[in-house]
Each structure stands twice: as structure tokens, then as C-alpha cells.
Number of protein chains: 2
Amino acid sequence: MSRRRAVDYDCPVRDVLDRIGDAWSVLLIIELAKAPCRFNALRRVVDGISQRMLAVTLRNLERDGLVSRTVLDLSPPQVEYALTARGRSLHGTIGQLADWADSNQPAIRASRANYDAAHGAKR
Amino acid sequence: MSRRRAVDYDCPVRDVLDRIGDAWSVLLIIELAKAPCRFNALRRVVDGISQRMLAVTLRNLERDGLVSRTVLDLSPPQVEYALTARGRSLHGTIGQLADWADSNQPAIRASRANYDAAHGAKR
DNA sequence: TCCTATAGTTACTAATAGGAACCACTTAGG
DNA sequence: CCTAAGTGGTTCCTATTAGTAACTATAGGA
């Protein structure tokens, strides 16, 4: 994405898409919207995410103020992640997109199959 | 993204995000929403996009049935790209996201600056 | 003849997403 | 008391991919 920065639009949409464009952010937001959750609990529930990607993605979300990180003073110390108000509002907006995706996925899938058939799966 | 495919969610949201997650698709949809446009006209107006990325992105959008491609039988032949009905409906949904982005960008920018200051721009 | 425009394709590269393995600490079990 | 397993990460490396530069091919104008 840094190559994009060379052009350096300061377009707000780009900012948001840079964040939610990646696979894990959206999954984490959806998961955290259900309930606050700890690191390894997230790791288990998200399924397929590596420790590193979880750490990186959470840090980015925290940096954007979408997720809060709270260290609980227990032994062993635990860290709880939760959506902030801003995170919840984004979750709502993502819902809109999800609705669109749900209702259009069949058509898109069909369109792709059609296209691939017409232009040969080659290319 | 193919590593993601290893996990292979058949989540509709992922499909959509894989498409609009990249920089150019959204810009092209926004541009084509204004008016149908030809290849090099798009290239001039989008500013920063290379020929290849324009070709690749348009082909993906066409494959998903979001954009139509019409070869005009002129000399030299011209190709006109336009949003389909599905494309226009996605444009509407993107509008929702753009609104969210617009109203939250200042806060997000501030949050990032804050975070970077607190955790040191190092890391 | 050379330059522009049309609409791409091909060949290559730099950056990044992502996995594997490691770290440091604490509690529990045998 | 030594291993195992849980906590929450970090470091290192590479396969993939996004993106650029350069080429193709045709037509029209000066």
C-alpha cells in the first residue's frame, strides 16, 4: 500500500479501505462486536489467523481507535480487547456492506463463472 | 490473497472486500458513476493509475458484472466502460462507507497521531 | 516519416502479507 | 523440580502480489 502513498491521495475512503480492506480486520471487528475478548480467545475463535497477524491487526485497529486494549491486573496478566464506540459505528456500516454482499454474491459468482467460460479460463 | 484462500472462507463479505479492498476499483467505480468513459480518458482522469492496473482493474470489475465493456466500431476502435445496474448499486453502498469515512477521518487521524506519539514512532 | 492517439499485453521487481519459530512469564501436574 | 501448557506477544524469513516500465499493433494527422 505504500506505493499508493506515492500518489498520496488524502482521500478518507482510502484510509478506511486500507484498514478494512484486509481479511482479518473485518473478521475481528465482527467477532469483537459480539463480545469483548482476550488475545488467545480471539485466536481460537477466528480460526486460521496466526499469532502475528492477530497481533498486527489488533494493533492497527487500536491505533485507529476502533478497538480498546485493556491489561487486566491478574496473574497471569490478561489483555482484553473490545470495540470502542467508533469501532461499533464502523461495525454498523460494515453491516450495510455485508447486506449488499449477501444479496449480490450469487449474481457475482455467476457473473464470474460466465466471464471465465466466455474468455477461457486461460489468460 | 491466495493464502487466505487456503483457509477458504466462502464469506460474501470477503468476496466484496477482495474487490473493493484495492485502491483503484473504488476510484474507478466513483468515476464511472459520474459518466461512462473510455480507457484513456479514465487513465487521464484517475491520475496515477498505470495502464496495466487500469486494464487489470477494469477486467476484474467487468468479470464481477459491475462494469460493462462496449467496443465501439469506429476507427480507431474505442472501448467504452460504464457501470452496470449492479455497479451502481454498489456505488450507493460505497457511498455509505464514504460518509462514515468522511465523518470519522479526523478522529482516526488524531487517534493515529496520538498512538504513534504514545508508543514512539519507532516500533 | 514521425508523432500522436487508440487499447491494451508482457516482463520484471520491490514491497508486503503471512507463516514458522522463538521469547518471557505463570500456573498446574506428576 | 522438571515438564507441559497457558498467558501475550516478537523476530525472522519468504512466497506472492501489486505495481511500473517497456513493448505491441493499428490509424490519423502534419
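Just so it is clear: chains get the letters A, B, ... in the order the sequence lines come, proteins before strands, and each one is counted from 1.
Rounded to whole Å, atom P of dG19(D) lies 9 Å from atom CD1 of Ile49(B). One interatomic measurement links the two molecules: CG of Leu61(A) to P of dG9(D), which rounds to 14 Å at whole-angstrom precision. Atom CG of Leu54(B) is separated from atom P of dT20(D) by 12 Å (rounded to the nearest Å). A straight line from CG of Leu72(A) to P of dG9(D) spans 11 Å, rounded to a whole angstrom. Atoms NE2 (His119(B)) and C1' (dT10(D)) sit 15 Å apart, rounded to a whole Å.
If Arg38(B) and Arg52(B) are placed on DNA chain C by their nearest nucleotide, the residue sitting closer to the 5' end is Arg38(B).
Here the side chain of Ser50(A) is nearest to one of dT6(C), dG19(C), dT9(C), namely dG19(C). For Gln78(A), whose side chain is taken as the heavy atoms from C-beta onward, the closest listed nucleotide among dG18(C), dT10(D), dT7(D) is dT7(D). Which of dG18(C), dT27(C), dA7(C) sits closest to the side chain of Met53(A) comes down to dG18(C). You'll find that the side chain of Pro76(A) is closest to dT7(D), out of dG8(C), dG9(D), dT7(D). The Gln51(B) side chain lies nearest to dC23(D) when the options are dC23(D), dG9(D), dT20(D).
For Trp24(A), no side-chain nitrogen or oxygen approaches OP1 or OP2 of dA17(C) to under 4.0 Å. Contact between the side-chain N/O atoms of Asn40(A) and the OP1/OP2 oxygens of dG8(D) is found at a separation under 4.0 Å.
Residue-level contact check: Arg43(A) touches neither bases nor backbone, having no heavy atom under 4.0 Å from any strand. Across all strands, Arg69(A) comes closer than 4.0 Å only to sugar-phosphate atoms, never to a base (heavy-atom distances).
Using a 4.0 Å cut-off between a side-chain N of Lys or Arg and a carboxylate O of Asp or Glu, Asp116(A) and Arg63(B) qualify as a salt bridge.
Residues Ile49(A) and Leu42(A) share a hydrophobic cluster, clusters being chains of Ile/Leu/Val/Met/Phe/Trp/Tyr side chains in contact below 4.5 Å. Under the 4.5 Å side-chain heavy-atom criterion for ILVMFWY residues, no single connected hydrophobic cluster contains both Val56(B) and Leu32(B). One hydrophobic cluster, built from ILVMFWY side chains closer than 4.5 Å, holds both Leu83(A) and Val71(A).
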